[in-house]
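Here the structure is laid out as structure tokens; the discussion comes afterwards.
Just so you know, ligand 1 is whichever comes first in the structure, and atom 1 is the first atom listed for that ligand.
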Amino acid sequence: MDVHEFRKHAHRLIDWMADYFEEVEDYPVKPDVQPGDILRQLPDKAPDQAESFEALFEDFKTVIMPGITHWESPNFMGYFPANKSYPSVLAEMLTATLGAQCMSWLTSPAATELEEQVMIWLRKAIGLPELFTGVIQGTASTSTLCALLMARERITGFGVNESGFPKEETFTVYCSSETHSSIEKDVKIAGFGRQHLRKVPVDDDYAMQPEALEQAIREDLEHGYKPAAVVATIGTTGSTAIDPLQQIGNICTRYDIFLHVDAAYAGTALLLPEMRWMSRGIEQANSFVFNPHKWMFTNFDCSAFYVQDEALLVRTFEITPEYLKTPEDQRVKNYRDWGIPLGRRFRALKLWFVLRSFGIEGLQQKIRRHIAMARQLAETIKQHRDFEMLAPIPLNTICFRFHPDHIDDEEKLDELNEMLLSRIQESGKLFLTHTRLQDRYTIRIVPGNTNLEQRHIDQAWTLIKETAGDLI
Ligand SMILES: *Cc1c(COP(=O)(O)O)cnc(C)c1O
């Protein structure tokens with residue numbers, strides 16, 4: 001492909017992309033494919049001879065597209081959204097075009113300095129205290145891993161970095177039983193051992209019980225263990241429960257334990273002053289993460305990781321072989337020392353495009369509207385005699401189940417709701433997912449897509465009601 005062809009194909013692709021955005025809600029949200037259906041259509045080795053763009057694009061449309069789950073569809077209300085927006089996609093095109101590596105200041109000065117500034121913008125926008133300094137990571141999973149590694153080095157005086165874990169010592173980590181699975185994964189990777197992860201019980205609203213946290217810490221201390229870190233969640237993945245940060249922070253301060261706050265999804269709602277109660281007490285946290293790549297219209301990957309102790313972060317990761325030394329090292333940020341990978345994509349650009357294209361007020365309006373629409377839907381569901389709400393709704397995640405009057409057997413209710421969800425998925429008209437709360441099969445609706453309108457919610461509710469009605 002030469003530059004003339006590139007230009008020609010790029011124009012065509014842009015048209016295709018714009019059409020896709022316009023038409024996405026007409027696609028079945030979940031593709032009608034079985035495991036292996038796509039694989040079977042792919043040759044078992046790469047072509048020896050060059051193929052035309054025509055052939056490629058044709059296969060993209062006929063082989064790949066039928067196997068895509070349309071996260072971009074406003075009828076996608078499963079998991080948490082992975083939103084994007086026009087400005088974000090445009091910026092991503094520029095990022096790909098520049099292909100700049102953002103590991104040191106020198107390897108792209110503008111990328112480093114833009115990242116520094118947009119992380120300040122974002123910190124101010126979500127009302128995080130000035131104590132925090134930010135850096136973009138790929139995912140919340142990696143951000144939390146960074147936090148746990150910082151906690152590990154903090155409690156061992158950088159000893160594990162030097163000589164590995166001391167044999168005679170056991171370090172413990174705490175989270176709630178509703179915490180995201182990535183925390184357990186990170187605990188394994190960081191070397192603490194999952195046996196030393198304490199899953200603290202939650203209250204009726206699925207938030208961590210601070211008294212139980214303190215009790216677990218005390219018991220571990222009595223056994224001679226060393227509590228290294230607590231992970232609190234703002235917006236758990238199951239039901240967006242909000243752990244009581246102030247009380248958890250007080251405990252961490254009292255016992256001198258590293259506190260990390262995982263707000264991967266709900267962090268975006270901190271754009272709204274009326275939601276800042278969720279982060280009350282955040283000044284006692286050592287680190288905080290939220291994902292603009294979930295609810296903030298910035299396409300994957302973009303995870304905003306904030307720490308209070310920049311020196312601790314850098315000392316945990318820093319390593320400077322001769323070939324990476326630059327004359328400016330003393331005067332600039334070298335983000336390779338702020339996380340795990342050396343190579344880093346220029347992700348600040350899309351955040352900059354999003355923040356400027358929407359404006360903080362534009363972002364606030366959209367988030368506020370999502371929350372209002374979800375709460376209204378929740379009211380409607382609540383009022384229906386055959387449905388019941390299974391968790392509070394602080395944000396826009398609704399946890400509910402179908403519960404007709406005459407059925408009270410828990411096992412039957414589980415089966416019924418599993419069947420309801422599967423029929424909804426198969427319809428291709430709506431994508432929902434499930435979780436278990438108090439061991440009950442729970443259906444979740446998360447209306448938070450970039451282009452969500454009231455009519456999508458109305459359609460969703462009609463479909464849920466009708467599908468449920470057909471089951472009994
Ligand atoms: C989605 C989510 C994560 C994981 O996010 P990734 O960026 O995909 O790693 C972690 N914690 C919570 C609370 C989440 O909702």
Could you tell me how the ring of Phe76 sits relative to the ring of Phe431: parallel (under 30°), tilted (30 to 60°) or perpendicular (over 60°)?
parallel
Under the side chain to side chain contact (heavy atoms under 4.5 Å, CB included) test, residues paired with Gln365 that sit two or more places apart
none
Please confirm whether Arg356 makes a cation-pi placement over Trp352, using NZ or CZ under 6.0 Å from the six-membered ring centre and within 45° of the ring normal.
yes
Under the side-chain hydrogen bond (donor to acceptor under 3.5 Å, both in side chains) test, which residues partner Ser177, sequence neighbours left out?
none
Residues around ligand 1, heavy atom under 4.0 Å from any ligand atom, sorted by chain and number. Can you pull those?
Phe80, Thr139, Ala140, Ser141, His180, Ser182, Gly235, Thr237, Asp262, Ala264, Asn291, His293, Lys294
Does Trp71 have its ring centroid less than 6.0 Å away from the ring centroid of Phe300?
no
Can you name the salt bridge (charged side-chain N to carboxylate O under 4.0 Å, His left out) partners of Arg218, sequence neighbours left out?
Glu214
